[in-house]
Protein chains: 2
Amino acid sequence: MAATLADVAKLAGVDLSTASRVLAGSEQVRVRPETRDRIHVAAKDLGYRPNRVAQALRTSKSSTLGLALPQVDNPVFTDMISGVETAARSRGYSILITRIGGASAGEALLQMAEANRVDGVLVISFDSDRVLESALGGLKIPVVMINRRAVKGAGYVVHDSRGAAYKATRYLIEAGHRRIIHLAGRLDGYNGSERHAGYVAAHQDAGIELDPSLVLEVGYDAERAAQVLADYLKSVAPSQMPTAIFSATLVTAAGAIRTLHGLGFDLPRDFSVIGLNDGLLATLLFPQLTTVALQSVEMGRRAAEMIIDQINDDLAPAHVTLSPGDVVVRQSVAPPRDREIVLQSG
Amino acid sequence: MAATLADVAKLAGVDLSTASRVLAGSEQVRVRPETRDRIHVAAKDLGYRPNRVAQALRTSKSSTLGLALPQVDNPVFTDMISGVETAARSRGYSILITRIGGASAGEALLQMAEANRVDGVLVISFDSDRVLESALGGLKIPVVMINRRAVKGAGYVVHDSRGAAYKATRYLIEAGHRRIIHLAGRLDGYNGSERHAGYVAAHQDAGIELDPSLVLEVGYDAERAAQVLADYLKSVAPSQMPTAIFSATLVTAAGAIRTLHGLGFDLPRDFSVIGLNDGLLATLLFPQLTTVALQSVEMGRRAAEMIIDQINDDLAPAHVTLSPGDVVVRQSVAPPRDREIVLQSG
DNA sequence: TTGAAAGCGATACCAC
DNA sequence: GTGGTATCGCTTTCAA
């Protein structure tokens, strides 16, 4: 049905191989100008489009990137996906997407990677994941991790999570808060542990003693964060009641705000909340969320470019750390209500 | 590097064609059991995986679906994507994703479809889109539209938008509201016009006179909805102040709530809001949003299955309308504040 | 500067 | 039941 290279060659009165050179090759190939023209005209007339499948078979290059991620309904992930999509397309690559849920992660990856369908694999995930690690270890094509440190040899792009967390925490401290809950991700992963470290460092630099019981490991899920926070607040003694929350992610901050409303707190008068990562969601919360912006779209872009460089130019895998943006000031942070406590500690 | 069919055949001591039959074919192919075993063992030993690219070239079937959509950061779209992914995977299909932004929509689609890369194209979009229509018209592979009516001949899966809108509007009316704003999508598209029709029908059935100035066409974007609503509320005469909003989508409802907070309204006491489509976001808003649930994940599933049926079994394109779910009652709807008005009209 | 021909890795038709 | 072989559409080396 569709015109093939042979059709073009025939119409142009040249050999198939000549047509291939002209159409695929750069402007550099030495061909008589009139021949070149005839071929281009023929191609245009027939509406010729190279069969990418045949090209891929012949060259072992599919110009396709695999994108593996655990879920597509997290606003931070969608930012990264946008970045990947943009960069990939501008360099002529397509994206084959696959969800890597728990146990089936390995098989899904192998399906993509071992069957010559993709030239490289980008992996977005929260923190560590053993299943994934072993599956990735066996691949013979480039792998770049997005938002987490890499398994041996793979490239990665991460946020300066510690720096971002430091900024966020310090912002609360400067607003006068002294008892600050940290809704942490997974403390055994890169982001979770680094963000916790930033939270700790900000306290230390301010000379504030840390209360380990203020760190709640809630993962990366709004529901779970909401639940764990609710349990904590119901159990804490009134005299020990914190005045602020630093949430490691956007969705857990959203979950926290929901819980605070549910318990009758008036925000931000009774409780201040700051999150990490900016986005539309932050403006839809009430009060609108003050956050430290992170370069999530850029993260996707950089990862895609890195892997394409590895594929095409055989560059070594790189390790990029993106610096945090500024604090985006909205309405979720206010000075603590009880001024006396503030003055005592400060 | 990777084992090919030829390797397997050699190891098993059979011809390549025999190995192909056994490995690819069903259990039905007539082969001596011991031969079959030898081949399977050899394949396992070598870690053989069929080269999907070669298969695609030979059979003109890539077992890949194209998924084209305007944006990936809308929670409703991500639900649909999830459904598509699940159904596709369970039937052995992969997903090539591409963003169709405005003018480049056509070329992106052709890239995917005309180069034999995908066996069919699923298109998610809000409402009509001329660029898209013409591009789709020329494709020689099946097309299924998700969330909107189809161009000629293509299948589609849509919500019963009118029924859903009717439910939502009636819920507000039953709560006592008489002046209800409708934040509409695009009134020239399927969803926009049908939802508007449901809003109108609910009023008529309740014997309430319609005020056309209450219909605000805001599209599908939170920012725009927030802005248009703000402009409207600032301009409306106090005596004409509506008491409730029926928003055609989840994100525009979220934008509306933000605006209402910004103008100092106390929700839901001063203003009730109901949306269409349920999801995590609805629970993160304050007050938590009352909505009519729509089957968005199911929509993706059905569309994927439909197109796979078209591809494999040559079934005719179907047209599916998904019925709305129930009203998910949360906290964003209350009786109107001014009882006198209610009693006058009711 | 252009043509001929060998594959890439699989499928499927046709013999035996 | 099993083997031989043409073929999918393209790239690329080697000759001419």
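Residue numbers begin at 1 in each chain, while the letters A, B, ... track the order of the sequences. The structure displayed is predicted, hence computed values, not measured ones.
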### Query
Does any donor-acceptor pair link the side chain of A:Arg58 with the base of C:dG7 at a separation under 3.5 Å?
yes
### Message
Could you check whether any side-chain heavy atom of B:Val158 comes within less than 4.5 Å of a side-chain heavy atom of B:Leu322, counting everything from C-beta outward?
### Response
no
### Query
Atom CG of A:Leu23 to atom P of D:dC10: distance rounded to whole Å?
9 Å
### Task
From the options C:dC13, C:dT11, D:dT13, select the nucleotide whose nearest atom is closest to the side chain of B:Arg21.
C:dC13
### Message
Other residues, nucleotides and ligands only: do more than 12 of their heavy atoms fall within 6.0 Å of CZ on B:Arg99?
### Response
yes
### Task
Give the rounded distance in Å between these two atoms: CG of A:Asn51 and P of D:dT7.
18 Å
### Message
Less than 4.0 angstrom from a charged side-chain N to a carboxylate O is my criterion; do A:Asp309 and A:Arg91 meet it?
### Response
yes
### Query
Should B:Glu85 and B:Arg89 count as an ion pair when the cut-off is N to O under 4.0 Å?
yes
### Query
Short question: side chain of B:Asn191, backbone of B:Asn147 - any donor-acceptor pair under 3.5 Å?
yes
### Message
Any base atoms under 4.0 Å from A:Thr35, or only sugar-phosphate, or nothing? Heavy atoms, all strands.
### Response
sugar-phosphate
### Message
Considering every strand and a 4.0 Å limit on heavy-atom distances, what is the contact class for B:Ser17: base, sugar-phosphate, or nothing?
### Response
base
### salt_bridge(B:Glu298, B:Arg301) N-O dist < 4.0 Å
yes
### Residue mapping more 5' on DNA chain D - nearest nucleotide basis, A:Ser20 or B:Ala54
B:Ala54
## Note on the structure
Whole-Å distance, A:Asp15 CG to D:dC14 P, equals 17 Å
### Message
Output the rounded distance in Å from CG (B:Asp37) to P (D:dG1).
### Response
15 Å
### Task
Please work out if B:Thr4 contacts a base, only the sugar-phosphate, or nothing of the nucleic acid, heavy-atom cut-off 4.0 Å.
sugar-phosphate
### Task
For A:Thr59, report the nucleic acid contact type (base, sugar-phosphate, nothing); a contact means any heavy atom under 4.0 Å.
sugar-phosphate
#### Entry: Nucleotide D:dG4, atom P - distance to NZ of B:Lys10 in whole Å
14 Å
### Task
Check whether any side-chain N or O of A:Gln55 sits under 4.0 Å from OP1 or OP2 of D:dT11, and answer yes or no.
yes
### Given C:dC13, C:dT11, D:dC10, the nucleotide with the shortest approach to the side chain of A:Pro50
D:dC10
### Query
Over how many whole Å does the gap from B:Leu5 atom CG to C:dG7 atom P extend?
18 Å
### Nearest-nucleotide comparison on DNA chain C, the residue closer to the 5′ end among A:Leu16 and A:Val31
A:Val31
## Note on the structure
Between CZ of A:Arg52 and P of D:dT11 the distance, given in whole Å, is 10 Å
### Rounded interatomic separation in angstrom, taking NZ from A:Lys61 and P from D:dG9
23 Å
#### Entry: From D:dG3, C:dG3, D:dT11, nucleotide with atom closest to B:Thr18 side chain
D:dG3
### Task
Look at the side chain of A:Arg49 against the base of D:dG9 and say whether a donor-acceptor pair falls under 3.5 Å; ignore hydrogens and angles.
no
### Query
Base, sugar-phosphate, or nothing: which does A:Val14 touch, judged by heavy atoms less than 4.0 Å apart?
sugar-phosphate
